[in-house]
2 protein chains.
Amino acid sequence: MPRKKRDTSEKRGSIISAAIEAFQAEGYDNTSMDRIAELAGASKRTVYNHFPTKEALFEAVFDRFLGEVMALKRIPYDAELSLAEQLGDFAAAKLRVLDDPVWLGLMRMALGVFVRDPEVARATLACAAAGEDHLAAWLEAAAAADRLTVQNSKLSAEVFWGMVSGGLLWPQVVQGPMPRPEAKVLETELIRTFLAGLSPG
Amino acid sequence: MPRKKRDTSEKRGSIISAAIEAFQAEGYDNTSMDRIAELAGASKRTVYNHFPTKEALFEAVFDRFLGEVMALKRIPYDAELSLAEQLGDFAAAKLRVLDDPVWLGLMRMALGVFVRDPEVARATLACAAAGEDHLAAWLEAAAAADRLTVQNSKLSAEVFWGMVSGGLLWPQVVQGPMPRPEAKVLETELIRTFLAGLSPG
DNA sequence: GAATGTAAACTACACGGTGTAGTGTAGTGT
DNA sequence: ACACTACACTACACCGTGTAGTTTACATTC
């Protein structure tokens with residue numbers, strides 16, 4: 001017979017929220033456990049009762065973050081829309097983290113942690129590869145409809161994500177946002193270039 | 001009348017070298033000034049006599065690093081060589097930091113610092129944009145020779161650097177090296193795609 | 001159904017241990 | 001006179017723990 005149990009998820013949740021707030025604004029190292037406790041409206045002891053170490057708290061934070069972000073819309077192939085338009089949707093999905101300053105802050109924090117710990121980085125970025133599979137599937141659908149020629153959909157997907165990441169995502173994560181119109185021009189050109197590489201076969 | 005002066009550049013240099021060694025291996029935060037002094041074979045006081053703060057030392061380190069790396073070979077347009085070959089040289093120039101573990105370590109360290117300080121990041125990455133100008137000039141030369149059609153050389157250069165950065169550079173900086181053949185295949189495909197975008201006009 | 005017991009969850013706060021940026025100073029060598 | 005060394009020392013920040021006492025909510029009892 002289970003004796004008494006109390007619902008601790010609320011406190012736990014507020015601690016994670018506080019940690020997100022602090023990590024995002026100040027970075028991992030510059031955030032003390034005292035500060036997180038204060039933001040959470042909890043005693044430090046309670047924080048440690050929920051998470052044995054700061055690193056454990058980081059993992060919980062990052063899990064929630066991934067859960068929210070990786071609820072990425074799976075863009076299905078649509079015969080009605082232009083290819084460029086649909087690729088724009090893929091790019092937009094990847095760049096959505098830039099719109100929310102909290103997400104952006106978490107990206108920065110995570111990058112700072114990853115850069116010190118390649119293991120964690122490799123493990124986590126493997127998860128981000130899910131987006132590549134969706135795009136590869138989309139490419140094959142478009143190829144089946146004879147709207148483009150693709151020899152290696154996995155490779156092409158990698159190329160496209162590389163273009164978006166290197167041209168638009170990382171620069172803005174590291175340096176802060178670039179002017180909207182400039183970003184749009186670059187995005188258009190990236191998509192045009194990518195499609196050009198898929199037309200000749 | 002010049003009083004007495006001694007050449008302090010040797011000690012200063014050994015301090016910077018020691019800092020490079022330590023920063024590269026352990027990261028900025030995990031490196032103490034005591035450790036740097038020890039590696040340099042100097043007293044901590046001497047370190048502080050040369051560099052008032054740890055941050056000043058970081059800047060000196062990064063300056064030397066940039067000086068070495070940004071001695072990038074300026075690839076001149078060569079009518080004899082294939083375009084793909086020459087773009088491969090540009091890519092290789094950018095990816096050279098991956099070959100030297102010390103440079104790679106410094107990239108990681110710098111990224112960790114940038115991610116906490118967007119101002120420094122923006123200032124420094126502006127310097128890296130020098131590579132874009134070289135490529136833009138090369139593109140115009142190739143266009144003048146009628147080997148490709150480029151409407152906006154600056155934009156196209158940005159696209160190419162984005163492709164190389166996002167597909168090859170950052171992933172390997174953050175996650176560690178990828179298998180050589182895999183990298184080569186991706187590089188070839190990136191270049192093919194980029195050139196495809198420049199042929200129709 | 002209200003009063004009451006009780007253990008889990010929580011608070012407040014002090015403390016140990018550690019690490020580190022940066023300084024002060026007296027003295028050595030050139 | 002100047003660069004440097006050795007080393008003690010300040011000042012501070014932070015992770016994580018120990019503890020004594022308080023609140024909360026569930027279970028039992030009346």
Side-chain angles (χ1 to χ4, degrees), chain A residues 1-62 109-110 112-113 115-117 120, chain B residues 1-62 109-110 112-113 115-117 120:
Chain A
M1 269 286 171
R3 278 284 171 192
K4 304 178 182 182
K5 275 266 176 87
R6 232 153 108 196
D7 181 24
T8 69
S9 62
E10 194 175 334
K11 258 291 180 243
R12 187 190 170 87
S14 74
I15 291 169
I16 293 180
S17 296
I20 287 178
E21 179 59 29
F23 283 157
Q24 162 267 337
E26 305 290 340
Y28 181 80
D29 284 312
N30 290 335
T31 298
S32 70
M33 293 297 265
D34 290 89
R35 175 68 180 145
I36 291 170
E38 182 189 337
L39 280 176
S43 72
K44 184 161 72 160
R45 207 62 185 79
T46 298
V47 174
Y48 275 101
N49 284 339
H50 279 284
F51 305 97
T53 68
K54 192 179 183 181
E55 198 178 327
L57 180 52
F58 165 80
E59 282 171 23
V61 163
F62 205 76
M109 176 208 65
V113 172
V115 112
R116 269 191 274 190
D117 194 337
V120 182
Chain B
M1 269 288 157
R3 304 284 176 82
K4 304 182 181 178
K5 275 256 175 104
R6 237 150 102 196
D7 181 24
T8 70
S9 62
E10 193 175 335
K11 259 291 179 240
R12 187 189 169 86
S14 74
I15 291 169
I16 294 180
S17 296
I20 287 178
E21 179 59 30
F23 284 157
Q24 165 272 119
E26 304 291 338
Y28 182 81
D29 285 312
N30 290 335
T31 298
S32 69
M33 293 297 264
D34 290 273
R35 175 68 180 145
I36 291 170
E38 181 189 336
L39 280 175
S43 73
K44 184 160 72 159
R45 207 62 186 80
T46 298
V47 173
Y48 274 101
N49 284 340
H50 280 284
F51 305 97
T53 67
K54 191 180 183 182
E55 198 179 327
L57 181 52
F58 165 80
E59 282 171 24
V61 163
F62 205 75
M109 175 208 63
V113 172
V115 112
R116 268 191 273 191
D117 194 337
V120 182

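Both backbone and side-chain heavy atoms feed into the values below; hydrogens, waters and symmetry mates do not. Order of the sequence lines fixes the chain letters, A, B, ..., with proteins taken first and strands second; residue numbering starts at 1 for each chain.
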Chemist: Between Lys11(B) and Tyr28(A), which is nearer to the 5' end of DNA chain D once each is assigned its nearest nucleotide?
Modeler: Lys11(B)
Chemist: Whole angstroms only, please: what is the CD-P distance between Glu26(B) and dT20(C)?
Modeler: 10 Å
Chemist: Atom CD of Glu38(A) to atom P of dC14(D): distance rounded to whole Å?
Modeler: 12 Å
Chemist: Tyr28(A): which residues meet the side chain to side chain contact (heavy atoms under 4.5 Å, CB included) condition with it, sequence neighbours left out?
Modeler: Phe23(A), Lys54(A), Glu55(A), Phe58(A), Met109(A), Val113(A)
Chemist: How far does CZ of Arg12(A) sit from CG of Leu57(A), to the nearest 0.5 angstrom?
Modeler: 9.0 Å
Chemist: Measure the distance from CG on Asp29(A) to P on dG19(C) and round it to the nearest whole Å.
Modeler: 15 Å
Chemist: How far apart are the closest heavy atoms of Val61(B) and Ile16(B), and which atoms are they?
Modeler: CG2-O, 4.0 Å
Chemist: Rounded to whole Å, how long is the line connecting atom CE of Met33(A) with atom P of dC14(D)?
Modeler: 12 Å
Chemist: Listed by chain and number, what are the side chain to side chain contact (heavy atoms under 4.5 Å, CB included) partners of Thr8(A), not counting sequence neighbours?
Modeler: His50(A)
Chemist: For nucleotides 11-13 of chain D, print each protein N/O atom paired with a nucleotide N/O atom at under 3.5 Å, atom names and distance only.
Modeler:
none

Chemist: Is there a residue in residues 41-55 of chain A whose heavy atoms reach under 4.0 Å of DNA chain D, and which residues are they?
Modeler: Lys44(A), Arg45(A), Tyr48(A), Thr53(A), Lys54(A)
Chemist: So, taking the atom named CD in Glu26(B) and the one named CD in Glu21(B), what distance separates them when rounded to the nearest 0.5 Å?
Modeler: 9.5 Å
Chemist: Mind checking which stems touch DNA chain C? I mean at least 3 consecutive Watson-Crick or G-U pairs, both distances under 3.5 Å.
Modeler: C:1-30 with D:1-30
Chemist: Identify the heavy atoms of Phe62(A) and Ala110(A) that sit nearest to each other, and give their distance.
Modeler: CE1-CB, 3.2 Å
Chemist: Tell me: CG of Asp34(B) to P of dC9(D), nearest whole Å?
Modeler: 16 Å
Chemist: Between Phe23(A) (CZ) and dC14(D) (C1'), how many Å, whole number?
Modeler: 13 Å
Chemist: Using the side-chain contact (heavy atoms from CB on, under 4.5 Å) rule, take Asp29(A) and Asp29(B) through it: C-alpha gap first, then chi angles, then the decisive distance, then the call.
Modeler: CA-CA 9 Å; Asp29(A) 284 312; Asp29(B) 285 312; 3.9 Å; yes
Chemist: Return a table of donor-acceptor pairs under 3.5 angstrom between the side chains of residues 31-41 of chain A and protein atoms on other chains or two or more places apart.
Modeler:
residue	atom	partner	partner atom	Å
Thr31(A)	OG1	Ala22(A)	O	3.3
Thr31(A)	OG1	Gly27(A)	O	2.7
Ser32(A)	OG	Arg35(A)	N	3.1
Asp34(A)	OD1	Lys44(A)	NZ	3.3
Arg35(A)	NH1	Glu38(A)	OE2	3.3

